[in-house]
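Keep in mind it's a predicted model, so treat the numbers as computed, not measured. Labels below follow one simple rule: chain letters A, B, ... track the order of the sequence lines, proteins then strands, and each chain is numbered from 1.
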2 protein chains.
Amino acid sequence: MLTTLDSSTPEGLRPVLQPLPTLTSAGTRLLEAAGELFYNRGVRAVGVDLIAETAGTTKKTLYDRFGSKDALVALYLLDRAHQWRSFLLERIELPASARSPEHSVLAVFDALETWMGGQLRGCAFVNAYAELGEGDHPAVPVIRAEKAWMRALFDDLTGDSAVGAHVHLIYEGTLVVLTAGGDASGMVEARRAVRIALASNG
Amino acid sequence: MLTTLDSSTPEGLRPVLQPLPTLTSAGTRLLEAAGELFYNRGVRAVGVDLIAETAGTTKKTLYDRFGSKDALVALYLLDRAHQWRSFLLERIELPASARSPEHSVLAVFDALETWMGGQLRGCAFVNAYAELGEGDHPAVPVIRAEKAWMRALFDDLTGDSAVGAHVHLIYEGTLVVLTAGGDASGMVEARRAVRIALASNG
DNA sequence: CTGCGAGTATACCGACCGGTGTGGTTACCT
DNA sequence: AGGTAACCACACCGGTCGGTATACTCGCAG
């Protein structure tokens, strides 16, 4: 049952991301600039000077609003998680009738394809995780939460934890194969694999 | 048929990685130091000064041997691909008799678990790809070759391209879920998913 | 004996890193 | 009128970045 996608409880039992703090206008510009730069070039490759300049403001304002580059990185990922979640949910919840697990899960992969739009930069969360090294970074909980949310979503959509796990593995693998692997046929193979995973439901 | 794992043609038709160049003693130390530092802390987070110091030599020698940091990064990945491939193959090829696709494929996941040894730093190739940004980096072909090699391996082991693709997606997803996702149960779910994927073979 | 490849030691380069400090200008709230 | 939060301009900090230059020592092959 798709209990968590009922119109009355659109978020259901899935873990909810912490909300985004209210931002000033310069803060918004900074977060938007950081978002594009961090994603396209990598977190460590982008300096705070460039972010401030791109946003049409100053480093001073950046540090007044966000406190540190690390905090800005964490907020960038939190913001992106919110964007992806709303993008995804409105593509899953629309056909409120005749909603099968296969239809819903494949809609997630359709949404992913649209979201990526041919880009090859991969998953922002996996990429950020790769750059953070061994220590504990404020962005790590955001990354973990995003992955846990996707897993819980697939559990809900399939109604089965084992099938949800299987589909989630395919989902994460698809992102890697499409981007780092450079294999453009990955999405076709993913959809075929998803149908097999769903057919295994007991 | 496991044509490419016959004892007479251990590499078979799978694409072969370019060989590692011969290294001097200081060069070997540099590559080993770079390997550990790059993997554990990230490529961009490690400077050439630290690598030279860790290897007990100088930056001068590093640049005499490798020419640039980018070239050293590419060689680090090529070296790691060779290590992983030999580690993996000796764990797959050993029981030359009674070799089923299920046994072989699950042996890959066993090898992966052993290779990772509880570490949470993820796939070196995916991590490096995440750090390279948009441009063309000498490491990209090495990354692509490694992913293509794993895919071809699964095609061979399963004897079916669709099943191989499915298992490869699960494999890449497992690495992400275990590390960035921080989900320790990912390996158990992966093995279950693999059995389902293999059972779909026509 | 000579030449050469390999390695060591150290100094240097301009650019950039994340982060701070000062001072001044708006605009809104009480 | 006074306070304050937000913002901008700009200068500054110590440290590190990738990469280069100079000069010296060693072992070895011709």
Side-chain angles (χ1 to χ4, degrees), chain A residues 20-77 128 130-140, chain B residues 20-77 128 130-140:
Chain A
L20 282 167
T22 308
L23 292 175
T24 64
S25 68
T28 303
R29 274 181 283 137
L30 282 165
L31 188 56
E32 284 175 358
E36 288 201 10
L37 291 169
F38 282 159
Y39 181 68
N40 290 317
R41 306 192 193 181
V43 166
R44 300 198 95 112
V46 173
V48 287
D49 301 83
L50 177 60
I51 296 170
E53 187 192 335
T54 305
T57 179
T58 63
K59 263 202 294 187
K60 181 67 164 55
T61 301
L62 189 155
Y63 278 90
D64 285 346
R65 296 295 123 240
F66 303 105
S68 70
K69 186 189 178 183
D70 282 346
L72 179 58
V73 170
L75 208 58
Y76 143 65
L77 291 175
E131 298 203 58
L132 302 184
E134 302 170 298
D136 50 344
H137 190 283
V140 171
Chain B
L20 281 167
T22 308
L23 293 175
T24 63
S25 66
T28 304
R29 275 181 282 137
L30 281 165
L31 188 56
E32 286 175 357
E36 288 200 9
L37 291 168
F38 282 159
Y39 182 67
N40 291 317
R41 306 190 193 183
V43 167
R44 301 199 93 111
V46 173
V48 286
D49 300 83
L50 177 60
I51 296 171
E53 187 193 335
T54 304
T57 179
T58 64
K59 265 202 294 186
K60 177 70 161 57
T61 302
L62 189 156
Y63 278 90
D64 285 345
R65 296 293 125 242
F66 304 104
S68 70
K69 187 190 177 182
D70 282 347
L72 179 58
V73 169
L75 208 58
Y76 143 65
L77 290 176
E131 299 202 58
L132 302 184
E134 302 170 296
D136 49 344
H137 190 283
V140 171

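Taking a heavy-atom distance under 4.0 Å as the criterion, the stretch of DNA chain C touched by chain B extends 5' to 3' from C:dA6 to C:dA9.
DNA chain D is contacted by A:G56, A:T57, A:T58, A:K60, A:T61, A:R65 of residues 53-71 of chain A, taking any non-hydrogen atom closer than 4.0 Å. Of the residues in residues 25-47 of chain B, those placing a heavy atom less than 4.0 Å from an atom of DNA chain D are B:V46, B:G47, in numerical order.
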Let me have the donor-acceptor pairs involving side chains of residues 34-41 of chain B, under 3.5 Å, with sequence neighbours excluded, atom names and distances please.
unit_1	atom_1	unit_2	atom_2	d
B:Y39	OH	B:G122	O	2.6
B:N40	OD1	B:Q119	NE2	3.3
B:N40	ND2	B:E36	O	3.0

Expected list for residues 43-56 of chain B: side-chain donor-acceptor pairs under 3.5 angstrom, two or more places apart:
unit_1	atom_1	unit_2	atom_2	d
B:R44	NH1	B:E131	O	2.8
B:D49	OD2	B:K59	NZ	3.2
B:T54	OG1	B:L50	O	2.7

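A pairwise comparison of heavy atoms in B:F66 and B:A71 identifies O-CB, 3.3 Å as the closest pair. Annotation for B:A130 and A:A130: closest pair CB-CB, 4.0 Å, computed over non-hydrogen atoms. Considering every non-hydrogen atom in both A:L30 and A:L62, the closest pair reads CD1-CA, 3.6 Å.
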I would like to know whether B:L23 and B:R65 meet side-chain contact (heavy atoms from CB on, under 4.5 Å); could you show each step before the answer?
-> CA-CA 8 Å; B:L23 293 175; B:R65 296 293 125 242; 5.9 Å; no
Run the side-chain contact (heavy atoms from CB on, under 4.5 Å) check on A:L20 and A:L75 step by step: do they pass?
-> CA-CA 8 Å; A:L20 282 167; A:L75 208 58; 4.2 Å; yes
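Taking B:T58 as the reference, B:K60, B:T61 meet the side-chain contact (heavy atoms from CB on, under 4.5 Å) condition, with sequence neighbours excluded.
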